[in-house]
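Working notes, beginning with the structure itself.
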Amino acid sequence: MFFNVLSHFQDNRKKIIILITVGVLIVFFIKAINNYTAKQRFNSSSNNTTAISKSVGVSNDIKIKNTTSKDGITSSNNIEVDEKSIKTADNVIEAFLLYCNNNQVDRAYNLLSDDCKKVLYPTQSDFYNNYYKSKMAGIKDYSYLKYGNDSNTYKLVIKNNTLATGKTSDGEDIVDYITVVFKDDNYKLNIGGFIKKESLNVKKSDAYLTMNVTERVIFMEYEEYTVNIKNTTLVNADICNANDDKGIYLLDKSSNKYYFKNDDYIQNDLLINYKSDKTIKLKFNRKYRKENEDIKSIVFPKVNLTNREYYDNTVQYKDSNGNIEYEKKYTSYPNSINFSINLK
C-alpha cells in the first residue's frame, strides 16, 4: 500500500505541489485582508469627532460572554467581553469602562498596553491604587471625544452616575486622556495621560561627559527623557542649577525651546560625582500635540564643574620617615561647560 501511495504521489507530484502552493497563498491572502480591514476600522473609528456619551451598559456591537461563578450562578458583576467583538477604538474604550463599572479590575487592567503597564502601572495593584480608586471606583457615566487632529487620543470625562450614587457630578468631573493602540491584531489602551514610549539610544562624548539618551516617554502634559550621564573628569559636575527653570531645554526643528520641570528636582538629583555615572529621568514642559515638531536636541547650557584639590597617584615621593606620599594638585577645569546632544 505504501508503494501505491508513493507511486500515486510521484505521478501527481506537480498537481499536489500546485495545490499546496495555492492553499498557502490563500491563507496569506485571507490574513492580509483581515489585517487591512482591522486597520481600516481602526482609522475610521479614530477619525470620529463626535462626543460619545454613555451611561451604564455598552453598545450593541460589544458581545458579552456567558460567565458563571464557582458555584455555577450567573452574575451581572461577573462579565467578560468577547475579545473578537473588540473591532474599533470605541469598542476597547467601552469594554474598559464596562469592566471598571463592574469592579472587574483584573479584566480592565488586561486591556492596558504593555508600554502603559511598564511606564505607569507595572502591577495590577499599582493600577488599582493609582488609577482605579481615584477615578473609577463606583458606578460612572462617561463621555469621550477625539483629541486634536488625526489622533488616536481621546479626552475622557468621567462623572458620577446619579441614579446609582445619589450624588450629582457638579464640580466632580474627572478628566483623563487615553490613547488607543493597535498592535498584534489587538486593541489596547494607554491611560493616565500616557501617550507613547519611544526608544532612542543616542550617544555623545566630549572631554568631560559621556551621555546616552535611551528613551522618550510622551505624556499629555510633558515629555520625559531617560538619560545616562557619565562624568569622566576628576571633579563633581552639576548638570544645571535646580533653581534655574531654564537650566536644561529641548530644542525643536524650528528652534523653539521647552524647558525642564525644575520644580520636580533637588540639587542632588542633578549632581554627577567624578568618575561616576547616573541615570536621570528629565521632564520637560511640552504639552502633547499630534502636530508637534520633532525634537532636534537636548541642551545643557551650563554644566557646573567644581574644581578641587586632589592627589596625583602618578607622582610619588617618600617623606622623611620613608612613607610614600603623592603630589597634591588642584584641578584646572573651566567653571562651566555647554553640552548638547542631537537626537536626530
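As the structure is a prediction and not an experimental result, all values here were calculated from the model.
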For [X] against [Y], the heavy-atom pair lying closest together:
X      : Y      : result
Val81  : Ala95  : CG2-CB, 4.1 Å
Val235 : Asn307 : CG1-CA, 3.9 Å
Asn292 : Arg286 : CB-NH2, 3.5 Å
Leu234 : Tyr274 : C-CB, 3.4 Å
Asn313 : Gln316 : O-NE2, 3.8 Å
Lys253 : Lys296 : N-CB, 4.4 Å

Suppose we call two aromatic rings close when their centres sit under 6.0 Å apart. Are [X] and [Y] close by that rule?
X      : Y      : value
Phe260 : Tyr265 : yes
Tyr147 : Tyr154 : no
Phe284 : Tyr225 : yes

Could you tabulate the donor-acceptor pairs under 3.5 Å formed by side-chain atoms of residues 334-344, not counting sequence neighbours?
none

Shared ILVMFWY cluster between [X] and [Y], side chains joined below 4.5 angstrom?
X      : Y      : result
Ile79  : Leu111 : yes
Ile174 : Tyr144 : yes
Phe127 : Val92  : yes

With a sphere of 6.0 Å drawn around [atom1] of [X], does it hold more than 12 non-hydrogen atoms of other residues, nucleotides or ligands?
X      : atom1 : answer
Lys196 : NZ    : no
Lys117 : NZ    : yes
Lys287 : NZ    : yes
Glu215 : CD    : yes
Lys261 : NZ    : yes

Original post:
Just checking, Lys328 and Tyr310: is the charged tip under 6.0 Å from the six-membered ring centre and within 45° of the axis?
Top reply: no
**OP:** May I ask you to check if Lys155 and Tyr177 form a cation-pi contact, with NZ or CZ under 6.0 angstrom from the six-membered ring centre and within 45° of the axis?
**Re:** no
Original post:
Please walk me through it: do Lys159 and Asp141 pass salt bridge (Lys or Arg N to Asp or Glu O under 4.0 Å)?
Top reply: CA-CA 5 Å; Lys159 303 180 180 183; Asp141 294 336; over 6 Å; no
Subject >> Test salt bridge (Lys or Arg N to Asp or Glu O under 4.0 Å) applied to Lys318 and Glu325, step by step >> reply: CA-CA 6 Å; Lys318 291 185 179 180; Glu325 296 283 351; over 6 Å; no
Original post:
Under 30°, 30 to 60°, or over 60°: which ring-plane class applies to Tyr333 and Tyr208, parallel, tilted or perpendicular?
Top reply: perpendicular
